[in-house]
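Shown next, in structure tokens, is the structure this report addresses.
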Amino acid sequence: MTDQDTAVAPRTEEDPEPGSPRSRGRRGLLLAAAVVVLGAVVAGGVVLVQRGDGPDAPAAGPRTGTAPVVRTDLVQSERIDGTLGYAGDYQVSAPHGGGIVTWLPDVGATVARGQRAYAVDGVRVPLFYGSTPLYRTLEEGVDDGPDVRVVKRNLKALGYGPQLADDEVFTSGTAEAVRDWQEDQGRERTGEVAPGDLLVEPGAVRVTEVPGIIGAPAEGPLLRLSGTRRVVTVDMPVARQQLARGGAPVTVRLPGGKSTRGKVSRVGTVARASEQGGANRPGATGGGAGGADATVPVEVTLSKPGDVGTLDGAPVQVDFTSERRDDVLAVPVPALLALAEGGYAVETPDGRLLPVTLGVFAQGRVEVSGAGLREGLKVEVPLA
């Protein structure tokens, strides 16, 4: 909240005490040029404008209405730019052994377990789910390992070897399940699985780039992939990283004015230079992770991914909660009156001025406390 400098008029001996019968008629002298807070908290600031109720003001119709004091929750937030996209980033390189690329998927295609990811020499290379890629040939009698578990789990999920145990042992039953799978893939029934026979990724993937070329030798990068989970990434300035707390709810504002809910799913621990600042900024003398423009990556998971429609990627804005006050009394911000003797008050329809202590500003309201305040009490507010 931006600090404000509020000019006040000196109080004379003829000025009535706050709340006296004469106070309402002499509000122009009691108040600091009747300064009224009209702005809600926007980008950390409060806008003040002067209200012309001086003695020379021309007569007019009603200048005020009323609003009740309410008991509510106030949430103050800060808005940070982000980017809508997909979680994960994987590069697929051609397997050792060469050959000719004979099939590649289109950008935007989704590949699930058992489906063809690409093909070399007319042989399909399907996708298996797992965290350990194949780094050796697997066959009966091979040493136990997590890569064996990956193969067995996927074969079973695809309907091959329903009796396979969830372990890291390549048994004769595993070899037989592999042969059945190879037959359906149009491969030789060897009972062995070699690196390059399949692609292992954490889950279903989406094709984001196809650097490989059909008809060219199978070498170098073939595909670039992402996960299928929709996320928003935010480069959070280090000075504001306290806003991003794991599991905290956020509001994501999409192009076109629509918004959806989400939560912070990951907060990076390594700062990096901002692409819009740091050493690349004109006149900057330094940058990098230690500079004033350093950021940390924050990932936001969407509660309702369908809300983003068909957007593959887009600039968005994310509202992070900076302060929250639950079950407090609040009034519309324009109801505040700046008193000549300092501080703020609200005025009741019968002319009483009730001094108030201010709390959080949010959603066009301000938290107030003080003697005489209660839920449902009517206070005056200026008419638009």
Side-chain angles (χ1 to χ4, degrees), residues 83-140 142 145-161 170 174-231 233 310-313:
T83 303
L84 173 67
Y86 290 86
D89 184 13
Y90 319 110
Q91 180 171 288
V92 179
S93 296
H96 297 298
I100 300 298
V101 178
T102 54
W103 185 85
L104 291 169
D106 294 329
V107 172
T110 298
V111 183
R113 189 201 316 260
Q115 294 181 341
R116 177 176 55 168
Y118 62 93
V120 175
D121 291 341
V123 179
R124 297 160 48 97
V125 178
L127 174 67
F128 275 20
Y129 296 171
S131 57
T132 304
L134 263 64
Y135 57 91
R136 57 179 178 162
T137 297
L138 301 180
E139 57 187 338
E140 189 175 354
V142 73
D147 50 349
V148 176
R149 187 189 296 271
V150 168
V151 170
K152 295 179 72 172
R153 282 182 172 178
N154 282 272
L155 288 173
K156 190 171 183 178
L158 293 170
Y160 301 96
F170 200 103
T174 306
E176 185 59 31
V178 170
R179 292 188 187 96
D180 293 341
W181 171 75
Q182 289 174 326
E183 182 176 0
D184 288 345
Q185 294 291 308
R187 296 172 177 265
E188 183 181 357
R189 287 173 52 90
T190 64
E192 301 175 359
V193 184
D197 287 350
L198 49 87
L199 173 67
V200 179
E201 298 294 354
V205 294
R206 183 177 179 278
V207 180
T208 59
E209 187 180 350
V210 184
I213 301 174
I214 295 176
E219 56 187 25
L222 296 181
L223 301 171
R224 198 168 193 98
L225 311 171
S226 73
T228 58
R229 181 169 58 91
R230 307 302 297 272
V231 298
T233 54
T310 59
L311 291 174
D312 285 341

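What you are looking at is a predicted structure, and each value in this text was computed from that prediction instead of being measured.
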Take Val151 and Leu138, measure what side-chain contact (heavy atoms from CB on, under 4.5 Å) needs, and give me the verdict at the end.
CA-CA 9 Å; Val151 170; Leu138 301 180; 3.7 Å; yes
CG of Leu311: more than 12 outside heavy atoms within 6.0 angstrom?
yes
Can you tell me how far apart CZ (Arg206) and CG (Leu225) are? Round to the nearest 0.5 Å.
10.5 Å
Between Glu183 and Asp180, is there a donor-acceptor pair closer than 3.5 Å when you use the side chain of the first and the backbone of the second?
no
Checking Arg224 against Tyr90: charged group under 6.0 Å from the ring centre and within 45 degrees of the axis?
no
Step by step, work out the side-chain contact (heavy atoms from CB on, under 4.5 Å) result for Leu222 and Val101.
CA-CA 9 Å; Leu222 296 181; Val101 178; 3.9 Å; yes
Least distance between heavy atoms, Ala117 atom then Pro105 atom
O-CD, 3.1 Å
Any donor-acceptor pair under 3.5 Å linking the side chain of Asn154 with the backbone of Val150?
yes
Salt bridge or not between Arg187 and Glu192? Use side-chain N to carboxylate O under 4.0 Å.
no
Any non-hydrogen side-chain atom of Pro126 less than 4.5 Å from a side-chain atom of Leu199?
no
Does Trp103 have Arg116 sitting over its ring (NZ/CZ under 6.0 Å from centre, angle to axis within 45°)?
yes
In short, Gly88 meets Ser226 closest at the heavy-atom pair O-CB, 3.3 Å
Test side-chain contact (heavy atoms from CB on, under 4.5 Å) on Leu223 and Leu104 and set out the steps.
CA-CA 8 Å; Leu223 301 171; Leu104 291 169; 4.1 Å; yes
Could you walk me through whether Val200 and Thr132 pass the side-chain contact (heavy atoms from CB on, under 4.5 Å) check?
CA-CA 7 Å; Val200 179; Thr132 304; over 6 Å; no
Within this structure, what is the CH2-CG distance for the pair Trp181 and Leu155, rounded to the nearest 0.5 Å?
7.0 Å
Side chain of Arg189, backbone of Arg179: donor and acceptor closer than 3.5 Å?
yes
Hey, what do you get for CZ (Arg113) to CG (Leu198), rounding to the nearest 0.5 Å?
12.0 Å
Arg136 vs Val148 side-chain heavy atoms within contact, under 4.5 Å:
yes
Asp121 (side chain) donor-acceptor with Ile100 (main chain) under 3.5 angstrom:
yes
Within this structure, what is the CZ-OH distance for the pair Arg229 and Tyr86, rounded to the nearest 0.5 Å?
12.5 Å
How about Leu84 and Arg230: do any of their side-chain heavy atoms sit closer than 4.5 Å?
yes
Distance col, row Tyr118:OH vs Ile214:CD1, nearest 0.5 angstrom, shows 14.0 Å
For the residue pair Val207 and Asp106, establish whether any side-chain heavy-atom pair is separated by less than 4.5 Å.
no
Student check: side-chain heavy atoms of Leu127 and Val205 closer than 4.5 Å:
yes
Would you please test Thr174 and Glu140 for side-chain hydrogen bond (donor to acceptor under 3.5 Å, both in side chains) and show each step?
CA-CA 8 Å; Thr174 306; Glu140 189 175 354; over 6 Å; no
Taking all atoms of both residues into account, what is the closest heavy-atom pair of Pro221 and Pro211, and its distance?
O-CG, 3.7 Å
Main chain of Phe128, side chain of Glu201: is a donor-acceptor contact present, judged purely on distance under 3.5 Å?
no
